[in-house]
Amino acid sequence: TDVKGPGVVVVLDNPPLENQFGEYTNNLIYNYEYILLVISNLNAAGAEAISINGQRHTNYTEIVPVGSHLNINGVSMIPPIEIKAIGNTQTLESVLNFKGGAIWEMKNLNFQVDIRLVEEMEIQRQIKTFEFRYAQPYE
């Protein structure tokens, strides 16, 4: 379902052109593991809902590099990548800003990172429905 509440907004983008050292060196598409780490850290910090560029993140969400873009829930995306997470803002912020973490490392590699605390935001429901092949409801 659609949800709203307090949380964080993280915007990840490639470094400025003058700080990119090669075609693939500091490109977010080819270093998408940082996006996975940010999502994993937010989940570990108790985020109750997460979206990536408007796509609801669930345990079925795929984040796959395809050529010069990412497929997230089957939708093609290019940077900047906006990640929204609803949860305890202090906990979410602290997990993002710890020294040695994914955001710290991205900043050291000149990726552009913006973290904002938000008192109330909306995250839309997952539109795609899933049909289970093995799991069946029981009474």
Side-chain angles (χ1 to χ4, degrees):
T1 61
D2 296 344
V3 293
K4 64 180 178 178
V8 296
V9 176
V10 181
V11 179
L12 308 174
D13 203 354
N14 291 325
L17 284 177
E18 63 270 11
N19 293 337
Q20 293 184 26
F21 305 111
E23 187 176 347
Y24 306 112
T25 306
N26 280 358
N27 185 308
L28 193 53
I29 302 299
Y30 300 105
N31 291 283
Y32 74 100
E33 68 273 4
Y34 289 119
I35 298 169
L36 298 176
L37 283 170
V38 169
I39 298 293
S40 179
N41 288 337
L42 291 169
N43 275 322
E48 296 175 358
I50 297 175
S51 73
I52 308 164
N53 283 11
Q55 290 292 311
R56 183 73 171 262
H57 181 273
T58 70
N59 56 336
Y60 297 103
T61 296
E62 79 280 356
I63 301 173
V64 181
V66 180
S68 61
H69 63 275
L70 290 174
N71 271 2
I72 300 174
N73 285 341
V75 177
S76 295
M77 298 182 188
I78 58 171
I81 301 295
E82 180 186 66
I83 301 169
K84 292 181 178 180
I86 292 177
N88 181 304
T89 54
Q90 291 177 331
T91 305
L92 297 176
E93 181 185 31
S94 66
V95 78
L96 292 170
N97 286 322
F98 72 91
K99 186 175 181 178
I103 297 294
W104 180 84
E105 191 172 326
M106 290 182 76
K107 287 180 178 179
N108 284 336
L109 293 171
N110 295 316
F111 283 96
Q112 298 178 72
V113 178
D114 179 48
I115 299 172
R116 290 180 288 122
L117 302 182
V118 180
E119 288 186 26
E120 185 169 286
M121 72 175 117
E122 295 180 7
I123 294 181
Q124 304 301 315
R125 66 184 173 86
Q126 171 68 343
I127 295 171
K128 185 177 179 183
T129 58
F130 300 99
E131 292 191 26
F132 293 101
R133 293 174 40 197
Y134 303 103
Q136 301 295 324
Y138 70 97
E139 295 177 17

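Here the structure is a predicted model, which means the values were calculated and not measured. One-based numbering along the sequence shown.
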Discussion item. Working note: Ile103 + Val10, criterion side-chain contact (heavy atoms from CB on, under 4.5 Å); need CA distance, chi angles, decisive distance, verdict.
Written reply: CA-CA 10 Å; Ile103 297 294; Val10 181; 4.3 Å; yes
Given Ile50 and Ile83, is the side-chain contact (heavy atoms from CB on, under 4.5 Å) satisfied, shown in steps? CA-CA 7 Å; Ile50 297 175; Ile83 301 169; 4.1 Å; yes
### Query
What do the steps show when you test Asn97 against Ile115 for side-chain contact (heavy atoms from CB on, under 4.5 Å), and what is the final call?
CA-CA 9 Å; Asn97 286 322; Ile115 299 172; 3.4 Å; yes
Could you go through the side-chain contact (heavy atoms from CB on, under 4.5 Å) check for Ile81 and Asp13 one step at a time? CA-CA 6 Å; Ile81 301 295; Asp13 203 354; over 6 Å; no
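A donor-acceptor pair under 3.5 Å links the side-chain atoms of Arg56 to the main chain of Thr1, judged by distance alone. Looking at Asp2, its side chain does come within 3.5 Å of a backbone N or O of Arg125 through a donor-acceptor pair. Distance alone, capped at 3.5 Å, is enough to place a donor-acceptor pair between the Asn88 side chain and the Gln90 backbone. Formation of a donor-acceptor pair under 3.5 Å by the Asn53 side chain with backbone atoms of Glu82 is found in this model. Judged purely by atom type and a 3.5 angstrom limit, Glu122 has no side-chain atom pairing as donor or acceptor with the backbone of Lys4. The backbone N or O of Gly74 lies less than 3.5 Å from a partner atom in the side chain of Glu62, making a donor-acceptor pair.
One finds the CG atom of Leu36 at 11.0 Å from the CG atom of Asn41 (value rounded to the nearest 0.5 Å). One finds the CD atom of Gln55 at 10.5 Å from the CD atom of Gln124 (value rounded to the nearest 0.5 Å). Put simply, CG on Asn14 and CG on Leu109 are 12.0 Å apart, with the number rounded to the nearest 0.5 Å. Interatomic distance, CG of Leu92 versus NZ of Lys84, reported as 14.5 Å (0.5 Å rounding). Rounded to the nearest 0.5 Å, atoms CG (Leu37) and CG (Leu96) are 11.5 Å apart.
Of all the heavy atoms in Val113 and Met106, the pair that sits closest is CG2-CB, 4.1 Å. When all heavy atoms are compared, the tightest approach of Ile29 to Pro65 is O-CB, 4.0 Å. When every heavy atom of Val95 is checked against every heavy atom of Ala45, the shortest pair comes out as CG1-CB, 3.6 Å. Contact record, Val118 with Thr89: O-CG2, 4.0 Å, taken as the closest heavy-atom pair.
By the side-chain hydrogen bond (donor to acceptor under 3.5 Å, both in side chains) test, Ser76 is found to be paired with His69, Asn71, residues two or more places apart in sequence or in another chain being considered.
The environment of CD in Glu119 is sparse: at most 12 heavy-atom neighbours from other residues, nucleotides or ligands sit within 6.0 Å. At most 12 heavy atoms of other shown residues, nucleotides or ligands fall within 6.0 angstrom of atom CD1 in Ile78.
A heavy-atom distance below 4.5 Å is not found between the side chains of Leu70 and Val64. Counting heavy atoms from C-beta on, the side chains of Pro16 and Gln112 come closer than 4.5 Å. The closest side-chain heavy-atom distance from Asn73 to Gln126 is below 4.5 Å.
Both Tyr32 and Leu12 are assigned to one and the same hydrophobic cluster, defined by single-linkage of ILVMFWY side chains at heavy-atom distances under 4.5 Å. By the rule that hydrophobic residues join a cluster once side-chain heavy atoms approach within less than 4.5 Å of another member, Ile35 and Val8 end up as members of one cluster. Using a 4.5 Å cut-off between side-chain heavy atoms of Ile, Leu, Val, Met, Phe, Trp and Tyr, with links allowed through other members, Phe111 and Met77 fall into the same hydrophobic cluster. Side-chain heavy atoms closer than 4.5 Å link hydrophobic residues (I, L, V, M, F, W, Y) into clusters, and following such links, even through other members, never connects Val11 to Ile72. One hydrophobic cluster, built from ILVMFWY side chains closer than 4.5 Å, holds both Leu117 and Val38.
The salt bridge (Lys or Arg N to Asp or Glu O under 4.0 Å) contacts involving residues 102-118 comprise Asp114-Arg116, where partners must be two or more places apart or lie in separate chains.
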